[in-house]
Visitor: 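Before I ask anything, here is the structure I am working with.
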Amino acid sequence: MSTLAYFRARPDYGMGRAFVLAFAVHAVLLAVMFFGVRMQNRPGDTVTVELWEAPPPPPPAPVVEPPKPPPPKVEAPRPEPPKPEPPRPEPVVKKPEIVEKAPPPKPKPKPKPEARPAPPKDDIEKILMREQVAMEQRKLDEERKRADEARRKAESERTARQLAAAARNKALADYVNRIRSRVRQYWILPQELQGNPEAVFDVVQIPTGEVISVKLAKSSGNSAYDAAVERAILKASPLPLPGPGTPFERELRLTFRLRD
């Protein structure tokens, strides 16, 4: 009989016990690991606290070693409940000080006029007399002033009229001189004239200067001289017109001298 056949034929009773023992050990190890991990993963109790001081450091987590039995459960010390905070004193709010306005100063009373004693009767008559004299003097001054103004106005108006008349006479004299100059251009005098004969003529003209009529107003005493001047006036028509500012004269009295 061979050795292999011997071992096959012989029942091995120790093998079964070893297998059972190994299975039991593994089952216990698995149970220890399961309950240890479950205990570590258990959520802690939720506690809401108001921290006034730094909490104590948490205990170190236990190191789980698979081959060792689970360590005893160590519970973390619960923090003491916070002491109630003493009530804080409320801030005192100062009320604004109300400044009362000073009352306005009272107006000073107006000084009353001092009562003067009434003047005697004689003084009243003198005062009335002086006032009447002063009033009459003012009237005289006003009348004298009005009279002076009227006199000055009359003098100024008279002066203005004199100046206007003088200006008018001067303009008319210039106008007449221009007419005489034009008439002299046309007269033909006789040769036997002697001295300085003077003849005066009234001439009537229209606004265009054309002569309508010539009339001898004063003879020179020499009929030849008078006739020569009359012919020259008619030939000089139309006569020069008056300048600006000089009124037109329809009737003119012209004097002609030989030696002018």
Side-chain angles (χ1 to χ4, degrees), residues 92-183 196-220 233 238-257 259-260:
V92 180
V93 179
K94 293 184 179 181
K95 296 182 179 181
E97 298 179 358
I98 300 175
V99 180
E100 296 182 358
K101 295 183 179 180
K106 296 181 179 180
K108 295 181 180 180
K110 296 182 179 180
K112 296 181 179 180
E114 297 180 359
R116 296 182 180 179
K121 185 176 180 181
D122 296 340
D123 293 344
I124 293 175
E125 292 179 356
K126 291 179 181 179
I127 293 172
L128 294 175
M129 184 66 69
R130 283 198 298 269
E131 290 180 354
Q132 186 176 0
V133 172
M135 188 180 298
E136 292 178 356
Q137 186 64 35
R138 285 195 295 271
K139 289 182 179 179
L140 291 175
D141 293 341
E142 290 177 358
E143 291 177 358
R144 189 181 299 110
K145 185 178 180 180
R146 286 195 293 268
D148 293 342
E149 290 179 355
R151 185 174 60 256
R152 285 195 297 269
K153 185 177 181 181
E155 290 178 355
S156 62
E157 290 177 355
R158 184 171 58 254
T159 303
R161 287 195 298 270
Q162 291 175 356
L163 293 175
R168 180 174 176 277
N169 293 334
K170 183 179 181 302
L172 184 59
D174 294 340
Y175 175 45
V176 171
N177 289 333
R178 288 194 291 118
I179 292 175
R180 287 198 190 101
S181 299
R182 181 174 178 81
V183 171
N196 189 19
E198 177 181 321
V200 179
F201 293 88
D202 290 334
V203 179
V204 180
Q205 63 173 345
I206 59 177
T208 58
E210 295 179 3
V211 178
I212 297 176
S213 65
V214 179
K215 182 179 179 181
L216 179 63
K218 181 181 179 182
S219 175
S220 63
I233 293 172
L239 301 177
L241 298 177
T246 304
F248 173 77
E249 296 290 343
R250 180 178 176 84
E251 297 180 1
L252 297 174
R253 175 159 286 194
L254 303 177
T255 301
F256 292 92
R257 296 182 184 90
R259 307 298 179 186
D260 285 350

Visitor: Roughly how far, to the nearest 0.5 Å, is CZ of R138 from CD of E142?
Guide: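 Interatomic distance, E142 CD to R138 CZ, rounded to 0.5 Å: 8.0 Å.
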
Visitor: May I ask you to test the R158-Q162 pair for a side-chain heavy-atom distance under 4.5 Å?
Guide: yes

Visitor: To the nearest 0.5 angstrom, please state how far the CZ atom of R144 sits from the CD atom of Q137.
Guide: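 The distance works out to 6.5 Å.
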
Visitor: For R180 versus T255, what's the shortest heavy-atom pair and its separation?
Guide: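 The answer is NE-O, 2.6 Å.
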
Visitor: First locate atom CD of E198, then atom OG of S219, and finally report the distance between them rounded to the nearest 0.5 Å.
Guide: 11.0 Å

Visitor: Closest heavy-atom contact between Y175 and P242?
Guide: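 In terms of heavy atoms, the two residues are closest at CE1-N, 3.5 Å.
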
Visitor: About how many Å separate NZ of K139 and CD of E136, when rounded to the nearest 0.5 Å?
Guide: 7.0 Å

Visitor: K145 vs D148, test: salt bridge (charged side-chain N to carboxylate O under 4.0 Å, His left out). Steps then yes/no.
Guide: CA-CA 5 Å; K145 185 178 180 180; D148 293 342; over 6 Å; no

Visitor: Of all the heavy-atom pairs spanning L239 and I233, show the shortest one and how long it is.
Guide: CD2-O, 4.5 Å

Visitor: Among residues at least two apart in sequence or on other chains, which ones pass salt bridge (Lys or Arg N to Asp or Glu O under 4.0 Å) with K218?
Guide: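 Result, salt bridge (Lys or Arg N to Asp or Glu O under 4.0 Å) vs K218: none returned.
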
Visitor: What are the two closest heavy atoms between L241 and R178, and how far apart are they?
Guide: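 Reported closest heavy-atom pair: O-NH2, 2.8 Å.
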
Visitor: I'd like to know whether V200 forms a side-chain contact (heavy atoms from CB on, under 4.5 Å) with R253, so could you lay out the CA-CA distance, the side-chain angles of the two residues, the decisive distance to 0.1 Å, and finally the verdict.
Guide: CA-CA 7 Å; V200 179; R253 175 159 286 194; 3.6 Å; yes

Visitor: Quick one: pull up CG in L252 and CD1 in I179 and give me the separation to the nearest 0.5 Å.
Guide: 5.0 Å

Visitor: R168: which residues meet the salt bridge (Lys or Arg N to Asp or Glu O under 4.0 Å) condition with it, sequence neighbours left out?
Guide: E249

Visitor: Kindly compute the distance separating CD1 (I127) from CD (Q132), expressed to the nearest 0.5 Å.
Guide: 14.0 Å

Visitor: Given side-chain contact (heavy atoms from CB on, under 4.5 Å), test R250 with I206 step by step and report yes or no.
Guide: CA-CA 6 Å; R250 180 178 176 84; I206 59 177; 4.3 Å; yes

